[in-house]
J.: 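Mind having a look at this structure? Questions to follow.
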Amino acid sequence: MSGFSIPPSHPRYQSLLKRERIIEGFKKGIVAHAGLIAHGRGEAFDYLIGEKTREFGLKAEKAAVAAIMLAENPVFSVNGNVAALAVDDVISLAEALGMKIEVNLFYRTEDRVRRIADLFRSRGVEVLGENPDARIPGLDHARALCTSEGIFSADVVLVPLEDGDRTKALRDMGKFVVTVDLNPLSRTARTADVTVVDEITRALRNMREIASEMSREEARKILDGYDNGAVLSEAILFIRDYLGRIASQTREW
Ligand code: ATP
Ligand code: MG
């Protein structure tokens, strides 16, 4: 920790703890400068849903697990923020659903890729991404790098906290893209096949639980009945109504 210890009684303890993890990750060369800004964007959107998993999040989490469970080569694409916030949750979900893990960075530096891979290795888990041998078409050099064994040949990719252009490039390759993104208005949220509007650590823990209970037959049914546009629209309307309620309470002060 960075010298400052957060009292567990603090009303926003969980949020502050995550902020500390991002700062620590930044100091260790795991999180990029832009990752700090992205985290703040995520925090702001989490406020708008009351920092809790909501119904629309849970629906998407079930569809996400279903898609991954039915996939042939599901790959978990990990960036600095995801590694800093949730390395153990990533490992647990990937193991439960038989996913490969690949480090894939928007601001790729070989040093950052190695540090993130080391974080996984320190837990006895091997990850892909240090020796890219393929490219995602339509992206410039560093952003396109991936591995043929992992993302390049994946049928389903879980890309949390991802950038809109890369999400689109993966869709254009014909992949089924699952994302976790607190901003229902982001290009990523609006491009993915399944958009989980929830905070990454909450989402991964929920998905891990769902994974242990879901059968393949249930997975097929859930996926067949899933409509991402409808769920995303629910998220946006939830925010509108939630803000409306807070506005009314505020007027009564
Ligand atoms: P886009 O490129 O998709 O239009 P953007 O440029 O605003 O979005 P990026 O930095 O490319 O954002 O992607 C990061 C996304 O992850 C943001 O939408 C941000 O709100 C979201 N985010 C950040 N932290 C978290 C978190 N802890 N849990 C879930 N989502 C998060
Ligand atoms: Mg972006």
Side-chain angles (χ1 to χ4, degrees), residues 6 12-26 30-54 56-61 63-65 76-90 93 103-109 112 116 119 136 138-140 142-144 157-172 175 177-208 228-229 231-232 235-236 238-239:
I6 307 155
R12 300 194 56 259
Y13 178 70
Q14 284 301 329
S15 173
L16 295 180
L17 210 59
K18 284 169 212 162
R19 198 178 291 176
E20 280 300 299
R21 280 201 217 126
I22 288 287
I23 293 169
E24 280 304 300
F26 178 75
I30 284 170
V31 169
H33 285 95
L36 299 174
I37 300 167
H39 185 76
R41 225 156 37 252
E43 283 186 342
F45 279 98
D46 208 11
Y47 244 95
L48 302 182
I49 61 168
E51 298 177 305
K52 274 189 207 150
T53 300
R54 302 294 180 172
F56 51 81
L58 207 55
K59 276 188 203 167
E61 282 155 10
V65 170
F76 199 142
S77 173
V78 169
N79 65 21
N81 283 43
V82 174
L85 289 170
V87 59
D88 294 314
D89 299 310
V90 169
L93 186 70
V103 181
N104 196 264
L105 306 182
F106 188 79
Y107 296 100
R108 184 184 176 98
T109 67
R112 192 170 305 115
I116 296 171
L119 191 64
I136 302 167
L139 296 176
D140 60 57
R143 276 165 204 185
V157 222
L158 173 57
V159 282
L161 283 55
E162 180 56 283
D163 169 64
D165 276 5
R166 297 212 312 173
T167 308
K168 183 171 179 308
L170 291 170
R171 287 272 335 241
D172 289 346
K175 299 186 189 305
V177 177
V178 178
T179 194
V180 179
D181 191 331
L182 276 161
N183 177 4
L185 307 175
S186 78
R187 288 170 308 150
T188 298
R190 305 177 81 74
T191 308
D193 293 279
V194 174
T195 306
V196 175
V197 179
D198 199 359
E199 193 278 324
I200 183 70
T201 57
R202 291 198 307 264
L204 294 180
R205 284 174 200 171
N206 293 341
M207 286 169 69
R208 177 66 187 83
N228 201 47
V231 172
L232 252 188
I236 296 165
F238 176 92
I239 292 173

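What you see is a predicted model; the values in this text were computed from it and never measured. We number each residue from 1, following the sequence as shown. Whatever order the structure lists ligands and atoms in, that order sets their numbers, starting from 1.
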J.: Are R19 and L16 packed together at the side-chain level, in the sense that at least one heavy-atom pair is separated by less than 4.5 angstrom?
T.: yes

J.: What protein heavy atom is closest to atom 8 (O) of ligand 1, reported as residue, atom name and distance in Å?
T.: S186 CB, 3.7 Å

J.: Quickly, which of N228, T179, N183, D181 forms a side-chain hydrogen bond (donor to acceptor under 3.5 Å, both in side chains) with T195? Name it, please.
T.: N228

J.: Among all protein heavy atoms in this structure, tell me which lies nearest to atom 17 (C) of ligand 1, with the distance rounded to 0.1 Å.
T.: D181 OD1, 3.6 Å

J.: Do any N/O atoms on F45 end up under 3.5 angstrom from N/O atoms on ligand 1?
T.: no

J.: Starting from atom 11 (O) of ligand 1, locate the nearest protein heavy atom and write down its residue, its atom name and how far away it is, to 0.1 Å.
T.: D163 CA, 3.3 Å

J.: Please walk me through it: do R171 and D193 pass side chain to side chain contact (heavy atoms under 4.5 Å, CB included)?
T.: CA-CA 8 Å; R171 287 272 335 241; D193 293 279; 3.2 Å; yes

J.: Looking only at protein heavy atoms, which one is nearest to atom 28 (N) of ligand 1, and how far off is it?
T.: I200 N, 3.0 Å

J.: Taking only residues two or more places apart in sequence or in another chain, which ones pass side-chain hydrogen bond (donor to acceptor under 3.5 Å, both in side chains) with N104?
T.: R166

J.: Please report which non-hydrogen protein atom sits nearest to atom 30 (N) of ligand 1, along with the residue it belongs to and the distance in Å to one decimal place.
T.: L182 N, 3.2 Å

J.: Is the Lys NZ or Arg CZ of R21 less than 6.0 Å from the centre of F26's six-membered ring, within 45° of the axis?
T.: no

J.: What protein heavy atom lies closest to atom 23 (C) of ligand 1? Include the residue and the distance to one decimal.
T.: A38 O, 3.1 Å

J.: List every atom of ligand 1 that sits less than 4.0 Å from any heavy atom of N183, numbering the atoms from 1 in the order shown and giving each element.
T.: 18 (O), 20 (O)

J.: Walk me through it: do I49 and L182 pass the test side chain to side chain contact (heavy atoms under 4.5 Å, CB included)?
T.: CA-CA 9 Å; I49 61 168; L182 276 161; 3.9 Å; yes

J.: Less than 3.5 Å between some nitrogen or oxygen of G164 and one of ligand 1, yes or no?
T.: yes

J.: Quick one: does any side-chain atom of N79 pair with a main-chain N or O of L161 as donor and acceptor, under 3.5 Å?
T.: yes

J.: List ligand 1 atoms under 4.0 Å from E162, heavy atoms only on the residue side.
T.: 3 (O), 11 (O), 13 (O)

J.: Check the pair Q14, E51 against side chain to side chain contact (heavy atoms under 4.5 Å, CB included), reporting the backbone distance first and the verdict last.
T.: CA-CA 9 Å; Q14 284 301 329; E51 298 177 305; over 6 Å; no

J.: Could you list the atoms of ligand 1 found under 4.0 angstrom from a heavy atom of L85?
T.: 27 (N)

J.: Is F106 atom CZ crowded by more than 12 heavy atoms from other residues, nucleotides or ligands, each under 6.0 Å away?
T.: yes

J.: With salt bridge (charged side-chain N to carboxylate O under 4.0 Å, His left out) as the test, pick out the partner of D89 among R205, R202, K18.
T.: R205

J.: Closer than 2.8 Å to the Mg ion (ligand 2), what protein N/O/S atoms do you find?
T.: D163 OD1

J.: Once you restrict to heavy atoms under 4.0 Å, what part of D198 touches ligand 1? Side chain, backbone, both or neither.
T.: backbone

J.: Would you check, one step at a time, whether the test side chain to side chain contact (heavy atoms under 4.5 Å, CB included) holds for V177 with T191?
T.: CA-CA 8 Å; V177 177; T191 308; over 6 Å; no

J.: Based purely on interatomic distance, does T188 place a nitrogen or oxygen under 3.5 Å from a nitrogen or oxygen of ligand 1?
T.: yes

J.: Taking the basic N atoms (NZ, or NE/NH1/NH2) and the acidic carboxylate oxygens, is any pair closer than 4.0 Å for D163 and R187?
T.: yes

J.: Suppose we measure from atom 5 (P) of ligand 1 to each protein heavy atom; which comes out shortest, and what is that distance?
T.: R41 NH2, 3.6 Å

J.: Which residue and non-hydrogen atom of the protein lie closest to atom 27 (N) of ligand 1, and at what distance in Å?
T.: E199 OE2, 3.3 Å

J.: Does any non-hydrogen side-chain atom of D46 lie less than 4.5 Å from one of S15?
T.: no

